[in-house]
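Single-structure report; data block below.
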Amino acid sequence: MVVQLFRFGVTGLAVTVFYSAVYWPIATYGNRVLHLGEGAVWPLIGVVIAFVAATAVGNVAHSRISFRGHGTRDATTAHRFFAVQLFGFGLNAAFTWLLTGPLLHGPTWWPLVPAVAVTPLITFFLHRYLVFR
């Protein structure tokens, strides 16, 4: 399990960098490009788009690298993976709303801190015990 956690960390770091590279420009500059609205809407739009992109990349990466040789893959593995990712999405959306929304009005990079420090640890154990079992 320690090797899996290490591989998950390395792979997850790469996927998190990818997530951040998709999220931050949308959250920060979305209004300047598309002029659809201001305020906390752009960070949340960024979370949705980054989640979809990172889930696609993460499914392949974690299956082939992080949990290589562990458990079996069947028709429901992708569904379970998506369910865990959806939970992670909920966490990241909540962090984003709390930190950039009407309560704290923080900068768009704040939600990346718990997205990098909290969400991966929770989703590792969910992936390990629910998805790639």
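Positions are given from 1, in the same order as the sequence printed here. Remember, it's a predicted structure, so these values are computed and weren't measured experimentally.
Partners of F6 according to the side-chain contact (heavy atoms from CB on, under 4.5 Å) rule, which considers only residues two or more places apart in sequence or in another chain, are V10. When the side chain to side chain donor-acceptor pair (under 3.5 Å) test is applied to S20, no partner is found at least two apart in sequence or on another chain. Listed by chain and number, the residues in a ring pair (Phe, Tyr, Trp, His ring centres under 6.0 Å) with F81 are H127 (sequence neighbours excluded). For V48, the side-chain contact (heavy atoms from CB on, under 4.5 Å) criterion is met by F89, not counting sequence neighbours.
Between Y23 and F51, the closest side-chain pair of non-hydrogen atoms is not below 4.5 Å. Contact check for L126 versus V131: no side-chain heavy atoms found under the 4.5 Å cut-off. Contact of the F95 side chain with the V47 side chain is not registered, since no non-hydrogen atoms from C-beta on lie closer than 4.5 Å.
Under a hydrophobic-cluster definition in which Ile, Leu, Val, Met, Phe, Trp and Tyr are linked whenever side-chain heavy atoms come within less than 4.5 Å, directly or via other members, F124 and F87 are assigned to the same cluster. Note: the hydrophobic cluster containing V84 also contains F125 (ILVMFWY, side chain heavy atoms under 4.5 Å, direct or indirect links). Residues L104 and W109 share a single hydrophobic cluster, defined by chaining ILVMFWY side chains whose heavy atoms lie under 4.5 Å apart.
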**Message:** Show, in sequence, the C-alpha distance, side-chain angles and deciding distance for Y29 and W42, and conclude whether the ring-ring contact (aromatic ring centres under 6.0 Å, His included) test is met.
**Reply:** CA-CA 8 Å; Y29 302 111; W42 285 104; over 10 Å; no
Side-chain polar contacts of residues 110-123 - donor-acceptor pairs under 3.5 angstrom, sequence neighbours left out - could you list them?
{"from": "T119", "atom 1": "OG1", "to": "N92", "atom 2": "OD1", "distance (Å)": "2.8"}
{"from": "T123", "atom 1": "OG1", "to": "T119", "atom 2": "O", "distance (Å)": "3.0"}
{"from": "T123", "atom 1": "OG1", "to": "P120", "atom 2": "O", "distance (Å)": "3.2"}

